[in-house]
Amino acid sequence: GQQELARVHTVDLRQELKDGNRSILSIRLQELVADRLEKKEQIMLFLNRRGYAGFVSCRECGYVAKCPHCDVTLTLHQDNRLRCHYCGYQIPRPSLCPVCASPYLAPFGTGTQKVEAMVREAFPGARTLRMDLDTTAKKGGHEEILAAFAGHEADILIGTQMIVKGHDFPAVTLVGILAADVSLYAPDYRCGERTFQLLTQAAGRAGRDEKEGQVVIQTYSPEHYCIEAAAAQDYEGFYRREMEYRRLLSYPPACVLMTLMVSSLREELAEKGMEAALRAVKAFGSREIQKGELKLIGPVNAAVYKLNDLYRKILYMKCGNYDILIRIRNYVEAELDGGAFSRQVSVLFDII
């Protein structure tokens, strides 16, 4: 319709802590939630992390519960089980530390399940629904939850990314983005872009009908240009700042980026495979490297080094000429094909 964009409030979580508020819900958000509940309007609370808590660790020896198949921590869920969000591995939450037998095993961080528990405690009369990969695992789970919320069977919908993309609920007049920094500091050059996308998409869920919408962005970095641009819905301003950064560091779309990933079930073979791939890249692209046209970064371990028992190493290549990267890819594939360990080593290219 002709509705104005939602009014955005940016809350500095550092100040909230100084003011003595240790809840994941800022004072401003609590006030607005109470107001919407009184008016019989609906609320969406967005957190980009599922589960009950981030991870479990021992207070005495520092042990952290990790997946044996992936290089990631296990996430604690409300059924008191620890789960890997990559391969699905799960175990019951241990009562004692498996390393030092200490009873001081405690969870860190906050997930959607914990937010739901906090909201129910703060607003006992509110009807809540949670939408994440856990609640939508069964067939038709998405449709059931969305239909229930659209039918006003709940006042508050708590969820991950899947609740902010494209849904149109006329009665939603308040959206709370609980931790904007979760995606802002991910180890990826696109983290600013993705954060801006998520925040503007989330903000777009509020006030889609006749009633005014309001949005609360909770962050530890209110001065970050991504947060400021998202709060102002300033697409062009964000684009200008982000492109300065991309040009300065030669990231797409200012250049072409190709990643070469070598993986193997055996760590030493992953190392040897990457060494062979690197030699081939340097041999074929020596002239471009010397002229500064081709830049190599790495090799480095993948962000999740071990995934489903595969060890993964990555080499990044930046170049302004797409054709050069294609020729390098073809040469490396030909060089590694048929090698002594080729059947036990996988090589994957990705061009952005």
Margin query: Closer than 3.5 angstrom, by distance alone: can the side chain of D79 be matched with the main-chain N or O of R81 as a donor-acceptor pair?
Written below: yes
Margin query: Could you measure the distance from the SG atom of C226 to the CD atom of Q197? Nearest 0.5 Å is fine.
Written below: 10.5 Å
Next item on the list: May I ask you to decide if R14's main-chain N or O and D12's side chain share a donor-acceptor pair within less than 3.5 Å?
Entry: yes
Note to self: I'd like to know if the side chain of T200 reaches the main chain of Q233, judged simply by a donor and an acceptor atom lying under 3.5 Å from each other, with no hydrogens or angles considered.
What the structure shows: no
Check: Quick one: do K272 and E268 make a salt bridge, cutoff under 4.0 Å?
Finding: no
Next item on the list: Measure the spacing between CZ of F123 and CD of Q30 and express it to the nearest 0.5 Å.
Entry: 5.5 Å
Check: About how many Å separate CD of Q90 and SG of C67, when rounded to the nearest 0.5 Å?
Finding: 11.0 Å
Check: In terms of ring plane angle, is the pair F196 and F238 parallel, tilted or perpendicular, where the classes change at 30° and 60°?
Finding: parallel
Check: Does a donor on one side chain sit under 3.5 Å from an acceptor on the other, for N308 and H69?
Finding: no
Next item on the list: Answer yes or no: is there a donor N or O on one side and an acceptor on the other, between the side chain of K306 and the main chain of P68, under 3.5 Å?
Entry: yes
Check: Has Y316 got more than 12 heavy atoms of other residues, nucleotides or ligands less than 6.0 Å from its OH?
Finding: no
Next item on the list: Give a yes or no answer on whether the side chain of Q218 reaches the backbone of I24 with a donor-acceptor pair at less than 3.5 Å.
Entry: yes
Notebook entry, point to check: Are the side chain of R36 and the backbone of Q42 linked by a donor-acceptor contact shorter than 3.5 Å?
Noted result: no
Item checked: Backbone of L265 reached by a side-chain donor or acceptor of Q344 within 3.5 Å -> no
Item checked: Closest heavy-atom pair and its distance - L105, P94 -> CD1-O, 3.5 Å
